[in-house]
Amino acid sequence: MVDASETVAEIVGAPSWDQRVALIRLIGQRHGTAEHQRIFASIARLAYVPHLAPDFAYINESEFYEPETFHTAYNLAYEATDGFTRVDEVSIGRALYDAPRSLLAFRTMLGLAKNEFAQATLLVAGDDGKGISAGKVDSMEKDGVAVTDSVAELVARTITQAMDGTLFGDPPGELRSKQDKIDTREGWESVRRLAENGVPYADFLHQRHYGGAFRQVLDATSTQRGNLIEDAVEELFVENRIPYIRTGGHDQGEIAARFEIQVQPAPDFVVYDSSGTLRAMLECKLVNDGGTARDKALRFERLRAESVRLGGVPLLAVLSGMGWTRVNDTLGPVIRDTDGRVFTLATLPEMLQVAPFPGLVGSGPAN
C-alpha cells in the first residue's frame, strides 16, 4: 500500500493537469476510504488554496465612482458657486441648470443616496407638487441631461433646505441627523472652510469608518461581483473559440433535451464539440463563508453523479472566495468530485490545458 504522503506529493508535483487528474483517479485504488478525506484535504491545502483570493480584496471598476468623474462634478459645483460662497436657491438652481452633473457633488455633501435624495424632493414639493425620480438623479449626474428651470429650482430648494437643517427637522431621541458631520455641521460655512483648507486625515478616516471603504461602489456593482467568475470563464471561452452555453440565460428544459442533462438546475456552463456532443460541464462558485462553502460543495456531488450517468463527462469547478480554504469538508470534496479539475481566477487560463479543451480550442464561432 502506498503511503498517503507519497500520493499527495506525487499529485501536487504532477507535471501537467491531465497527469494530476489521472493520479487523483487512482486514490480509490491505492488507499482505503478511511484515508480519502485526509488525502483530498492535503491536496487542497497544498495545490489549490494558495491560488484562492478573497473577493473583499478588490472592487469592480465603475467609471461613475472614479476620481475623475467626481472631480468633474465637484469642480462644476465649486466654480458655479464661487467656491460655495453663492449658495442661495437661485445660484444653486442656476448651477444645476447650467451643469446638471454638479448635482453629484451637492448630493454627496448631504450624505444622501440617490433614492433618498429623490424622496427628499417629494418632501420639498409638498402634497400638490411632484418630486424627481432616482432615474432623473442618475441622468443628471451620469449623463448631464438638461433639466427645466422648475426641476433645477426644486433640486436647489431641496439642497438648501437640507443644508440649513429645515428639511428634516430635529431628530427625536438618540437619533442624529446626517447633516451632523464634519463638512455640513455648520451648513455652508463648514463646506467653505473644508473646501479651502482641506479635511484632516483623522476626520477623513472617521467618515470612511462610518460609511465603509468603497461601500457605495460595492453596492452599485453587486451584480457584477455576483457574476465575476462566470464572466471570466465566458471571456476565456470566447477568446479561445470554445463552443459553450452559459446556461443561466437558457431554458432548463432546452438544456436537458439537447444534452440529456437531468440535474436541475443545469451546471453554469456546458461545453460541446462541433458535432453538438456534450464534452464537459462546469460550475462556478464564489463563497466567503466556510459553512456556505460546505453546503455548496454538495452541489458538486450531485453534478459528479450526473457526470457518471452521462458516461464520464468531465466536471470542472471554478472557485473563488475564502470559504473554500476550509479544506476538509469544502474544497477537498470538490477536488474529489471533479478529479482535481478545480480552477481559480488566478489559474483559469490553465484550464485550457485539461481535456477536453485542447481539442476544442478554435472550434467555436469566430469573435
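Throughout, residue positions are numbered sequentially from 1 according to the sequence presented.
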Short question: side chain of [X], backbone of [Y] - any donor-acceptor pair under 3.5 Å?
X	Y	value
Arg341	Thr338	yes
Asp339	Arg25	no
Thr72	Glu68	yes
Ser139	Val145	no
Asn75	His71	yes
Asp268	Leu282	no
Arg101	Leu76	no
Asn240	Leu236	yes
Thr121	Ile132	yes

Do [X] and [Y] belong to the same hydrophobic cluster, where Ile, Leu, Val, Met, Phe, Trp and Tyr are linked whenever their side-chain heavy atoms lie under 4.5 Å apart, directly or via other members?
X	Y	value
Phe106	Leu123	yes
Leu228	Val238	yes
Phe168	Val137	yes
Phe84	Ile182	no
Val271	Val21	no

Using 0.5 Å steps for rounding, measure from the [atom1] atom of [X] to the [atom2] atom of [Y].
X	Y	atom1	atom2	result
Thr247	Glu283	OG1	CD	7.5 Å
Glu35	Asp3	CD	CG	8.0 Å
Arg192	Glu196	CZ	CD	10.5 Å
Thr325	Leu319	OG1	CG	11.5 Å
Leu112	Gln119	CG	CD	11.0 Å
Met109	Ser190	CE	OG	11.5 Å

Could you tell me whether the side chains of [X] and [Y] share a donor-acceptor contact shorter than 3.5 Å?
X	Y	answer
Asp88	Ser91	yes
Asp273	Ser275	yes
Glu234	Tyr244	yes
Lys181	Thr184	yes

Task: Full working for side-chain contact (heavy atoms from CB on, under 4.5 Å) between Val87 and Thr160 - done: CA-CA 8 Å; Val87 288; Thr160 55; 5.9 Å; no

Search all heavy atoms of [X] against all heavy atoms of [Y] and return the closest pair with its distance.
X	Y	result
Ala146	Pro100	CA-CG, 4.2 Å
Arg279	Pro314	O-CD, 3.1 Å
Val191	Met163	CG2-CE, 4.0 Å
Ile261	Pro267	CG2-CD, 4.1 Å
Val287	Ala293	CG1-N, 3.3 Å
Ala297	Asp337	O-OD2, 4.4 Å

Is any side-chain heavy atom of [Y] closer than 4.5 Å to one of [X]?
X	Y	result
Leu352	Leu360	no
Pro365	Arg241	no
Val263	Arg299	yes
Ile27	Ile43	yes
Val155	Leu103	yes
Val49	Leu331	yes
Phe117	Ile159	yes
Trp17	Met351	no

Salt bridge or not between [X] and [Y]? Use side-chain N to carboxylate O under 4.0 Å.
X	Y	value
Asp231	Arg246	yes
Glu306	Arg304	no
Lys114	Glu141	no

TODO: Please report the C-alpha distance between Asp149 and Val151 in whole Å, then the side-chain angles of each, then the deciding distance to 0.1 Å, and finally whether the side-chain contact (heavy atoms from CB on, under 4.5 Å) criterion is met.
DONE: CA-CA 6 Å; Asp149 283 330; Val151 168; over 6 Å; no

TODO: Evaluate the ring planes of His36 and Phe40, with Trp represented by its six-membered ring, and classify them as parallel (under 30°), tilted (30 to 60°) or perpendicular (over 60°).
DONE: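 Aromatic pair His36/Phe40 classed perpendicular.
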
TODO: Take Glu116 and Arg107 through the salt bridge (charged side-chain N to carboxylate O under 4.0 Å, His left out) test and state the conclusion after the steps.
DONE: CA-CA 10 Å; Glu116 296 169 340; Arg107 179 176 63 81; over 6 Å; no

Open item on the list: The test is side-chain contact (heavy atoms from CB on, under 4.5 Å); show your working for Val334 and Glu301 and say whether it passes.
Closed with: CA-CA 8 Å; Val334 175; Glu301 188 174 343; over 6 Å; no

Open item on the list: As a quick check of understanding, evaluate side-chain contact (heavy atoms from CB on, under 4.5 Å) for Phe300 and Leu316, giving each step before the final call.
Closed with: CA-CA 9 Å; Phe300 289 93; Leu316 298 96; over 6 Å; no

Other residues, nucleotides and ligands only: do more than 12 of their heavy atoms fall within 6.0 Å of [atom1] on [X]?
X	atom1	value
Glu260	CD	no
Lys296	NZ	no
Glu63	CD	no
Tyr74	OH	yes

- [ ] From the options Arg20, Gln19, Arg30, select the one residue that forms a side-chain hydrogen bond (donor to acceptor under 3.5 Å, both in side chains) with Glu10.
- [x]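 That would be Arg30.
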
Task: Option from Val270, Leu278, Leu303 for which side-chain contact (heavy atoms from CB on, under 4.5 Å) with Val313 holds - done: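 Only one of Val270, Leu278, Leu303 forms a side-chain contact (heavy atoms from CB on, under 4.5 Å) with Val313, namely Leu278.
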
Open item on the list: So, applying ring-ring contact (aromatic ring centres under 6.0 Å, His included) with Phe357, which one of Phe237, Phe343, Phe269 is it?
Closed with: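 Of the listed options, the one satisfying the test is Phe237.
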
